[in-house]
Amino acid sequence: MSHTVSIITPAFRAQPTILATVRSVLAQTHADWRLWLIADDDFDYAGLLAEAGLDDSRILHLSSGGVGLGAATARNRALERLDTPFAAILDADDRLKPQKLELAVEALAEHAIVTTALDVMDEAFNHLRFVGQGPDRALTPGQHKWVSLSMDSMLVWDRRRADGRYDSTMSNMTDLEFLLQLYRQVPASFHLGTPLHDYIKRSASMSNGANVAAGMIASKTTLLQRLRAGFYGLPAEDVAGLEQFLDISLAAEPLYGPALAAQPGLLFEDHLEPRLAQAKRA
């Protein structure tokens with residue numbers, strides 16, 4: 001039985017980061033993978049990798065069909081081409097820990113969706129904090145964000161049991177929206193509490209500039225509207241859990257800018273987590 005994992009990596013102006021990302025894939029203890037590198041900037045990433053001695057027959061190159069079309073469109077280009085049972089998401093500035101695919105594939109024997117804890121780092125790969133660290137456990141849709149309160153592109157999933165496409169109409173939160181599509185087809189995911197995915201916090205993602213904050217607020221509002229309309233067909237208790245998380249996260253958004261100004265370097269996760277803890281105690 002095939003255990004090939006297709007890793008989907010959109011690349012937009014990723015020249016400074018892509019070599020470290022690809023090296024992390026080449027270092028996987030599970031060697032049965034294909035890396036779909038989708039250029040969204042018309043750049044010759046195949047040439048760049050070859051110059052660095054990182055060309056490999058398992059690396060497949062695609063184009064998004066334009067320039068700056070966005071990660072959702074680029075990911076969908078690859079999803080339309082896949083013929084492997086498993087798929088994973090890896091952004092062009094993130095990295096996989098060496099055992100990420102091995103442990104995820106083991107978990108996929110019993111579960112259709114696998115998430116992992118995150119090692120949140122700065123652009124120089126200095127550790128900032130962990131997110132979602134703890135015991136391995138099954139999570140319902142309503143529980144997931146309370147454990148994995150940061151980004152959701154650490155996914156590995158079985159395309160035969162659950163699959164979807166990324167929503168290119170949303171400016172942010174497309175990872176969570178995609179996960180909700182998968183939850184529409186299976187009742188729970190399995191979370192590996194060992195940090196197996198390096199999530200790089202870029203300075204722009206910490207700036208909370210007007211466009212960043214507005215995009216996050218708009219996308220979280222869209223998700224709330226869809227959940228309340230029954231768009232994903234989730235049980236009421238899962239909708240309630242997701243609604244509560246998104247409501248708390250939305251309330252935290254306009255307060256993050258002032259908090260960051262008062263405490264430079266403050267992560268949104270550190271800004272949000274006390275609010276989630278308070279809601280759990282209430």
Side-chain angles (χ1 to χ4, degrees), residues 1-12 14-15 17-41 43 45-46 48-50 52 54-64 70-109 111-119 121 148 151-166 174-175 178-179 181-182 189-190 192 194-200:
M1 177 180 176
S2 172
H3 292 125
T4 307
V5 183
S6 286
I7 306 163
I8 301 169
T9 300
F12 177 74
Q15 296 89 335
T17 62
I18 194 64
L19 298 183
T21 300
V22 171
R23 287 190 180 104
S24 79
V25 176
L26 292 168
Q28 289 299 295
T29 55
H30 178 85
D32 189 4
W33 51 260
R34 296 178 190 167
L35 173 60
W36 292 78
L37 186 53
I38 312 101
D40 191 30
D41 53 4
F43 182 76
Y45 287 100
L48 179 65
L49 296 184
L54 299 180
D55 49 338
D56 188 291
S57 62
R58 293 169 294 178
I59 301 175
L60 307 174
H61 294 272
L62 287 178
S63 168
S64 68
T73 296
R75 288 171 177 173
N76 286 340
R77 290 285 186 269
L79 284 168
E80 290 160 4
R81 300 278 298 274
L82 301 192
D83 59 1
T84 60
F86 305 137
I89 297 299
L90 176 62
D91 289 340
D93 55 357
D94 289 349
R95 302 184 302 184
L96 305 179
K97 302 287 193 190
Q99 283 192 291
K100 166 74 180 273
L101 296 184
E102 177 187 349
L103 296 176
V105 167
E106 288 178 3
L108 285 170
H111 306 276
I113 306 167
V114 175
T115 63
T116 77
L118 303 172
D119 189 347
M121 300 180 172
S148 184
M151 61 84 120
D152 292 296
S153 67
M154 78 298 270
L155 282 178
V156 187
W157 74 99
D158 186 336
R159 299 175 53 248
R160 299 164 300 183
R161 292 185 276 177
D163 207 8
R165 294 292 184 271
Y166 283 84
T174 55
D175 294 314
F178 182 81
L179 178 58
Q181 292 182 44
L182 302 187
S189 56
F190 192 74
L192 298 175
T194 301
L196 296 170
H197 191 113
D198 294 344
Y199 172 35
I200 309 306

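What you see below is based on every heavy atom in this structure, not just the backbone, and it leaves out hydrogens, waters and symmetry mates.
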Query raised in the report: Run the salt bridge (charged side-chain N to carboxylate O under 4.0 Å, His left out) check on R75 and D91 step by step: do they pass?
Result: CA-CA 10 Å; R75 288 171 177 173; D91 289 340; 2.7 Å; yes
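- Scanning all heavy atoms of the two residues, the minimum distance from A14 to D41 falls at N-OD2, 4.2 Å.
- For the pair L37/L60, no side-chain contact is recorded, criterion being any heavy-atom separation below 4.5 Å from C-beta on.
- Contact of the L103 side chain with the H30 side chain is not registered, since no non-hydrogen atoms from C-beta on lie closer than 4.5 Å.
- With contacts defined as side-chain heavy-atom distances shorter than 4.5 Å, the pair L96/D198 does not qualify.
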Query raised in the report: Going through the distances and angles, do L79 and L82 end up as a side chain to side chain contact (heavy atoms under 4.5 Å, CB included)?
Result: CA-CA 5 Å; L79 284 168; L82 301 192; 4.0 Å; yes
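- Here H111 pairs with F190 under the side-chain contact (heavy atoms from CB on, under 4.5 Å) rule; sequence neighbours left out.
- With sequence neighbours excluded, no residue forms a ring-ring contact (aromatic ring centres under 6.0 Å, His included) with F12.
- By the 4.5 Å heavy-atom criterion applied to side chains, R159 and S6 are not counted as neighbours.
- A side-chain donor-acceptor contact under 3.5 Å links T84 to the backbone of F86.
- Contact annotation: the side chain of I7 never approaches that of K100 to less than 4.5 Å [non-hydrogen atoms, C-beta and beyond].
- Looking at H197 and K97, their side chains never come closer than 4.5 Å, going by heavy atoms from C-beta outward.
- Listed by chain and residue number, I18, L90 satisfy the side-chain contact (heavy atoms from CB on, under 4.5 Å) test with T21 (two or more places apart in sequence, or in another chain).
- At least one side-chain heavy atom of Q15 sits under 4.5 Å from a side-chain heavy atom of Y45.
- Enclosure of atom CZ in R81 is not indicated, since only 12 or fewer non-hydrogen atoms of other residues, nucleotides or ligands lie within 6.0 angstrom.
- A donor-acceptor contact shorter than 3.5 Å is absent between the side chain of Y199 and the backbone of S153.
- Side-chain atoms of Q99 and T29 form no donor-acceptor pair, as typed in the model, at a separation below 3.5 Å.
- Across L19 and A52, no two heavy atoms sit closer than the pair CD2-CB, 3.8 Å.
- For the atom pair CG (L192) and CE (M154), the distance works out to 10.5 Å, reported to the nearest 0.5 Å.
- Annotation for A92 and P10: closest pair CB-O, 3.2 Å, computed over non-hydrogen atoms.
- Closest of all the heavy-atom pairs between I38 and A78 is CD1-CB, 3.9 Å.
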Requested in this report: Run the numbers on I59 and W36 for side chain to side chain contact (heavy atoms under 4.5 Å, CB included), then give the verdict.
Outcome: CA-CA 6 Å; I59 301 175; W36 292 78; over 6 Å; no
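- Separating the CG atom in L155 from the OG atom in S189 is a distance of 8.5 Å, to the nearest 0.5 Å.
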Query - L49 and H61: CA distance, side-chain angles, deciding distance, side chain to side chain contact (heavy atoms under 4.5 Å, CB included) verdict - result: CA-CA 11 Å; L49 296 184; H61 294 272; 3.9 Å; yes
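- The heavy-atom pair separating L101 from A88 by the smallest distance is CD2-CB, 4.5 Å.
- Legend: salt bridge (charged side-chain N to carboxylate O under 4.0 Å, His left out) pairs involving residues 25-40, not counting sequence neighbours, sorted by first then second residue: R34-D83.
- Once rounded to the nearest 0.5 Å, the distance linking OG1 of T115 with CG of L196 reads 10.0 Å.
- For the atom pair CD of E102 and NE2 of H3, the computed distance is 12.0 Å after rounding to the nearest 0.5 Å.
- Closest heavy-atom contact between A112 and L108: O-CD2, 3.6 Å.
- Under the 3.5 Å distance criterion, the side-chain polar atoms of D94 are matched with a main-chain donor or acceptor of I200.
- Legend: residues meeting side-chain contact (heavy atoms from CB on, under 4.5 Å) with L26, ordered by chain and number and at least two apart, are V22, W33, L54, D56, R58.
- Aromatic ring pairs are classed by plane angle as parallel below 30°, tilted from 30° to 60° and perpendicular above 60°; the pair Y166 and F178 is parallel.
- Checked against salt bridge (Lys or Arg N to Asp or Glu O under 4.0 Å), D55 has no partners two or more places apart in sequence or in another chain.
- Residues I113 and L179 are in side-chain contact: their nearest non-hydrogen atoms beyond the backbone lie under 4.5 Å apart.
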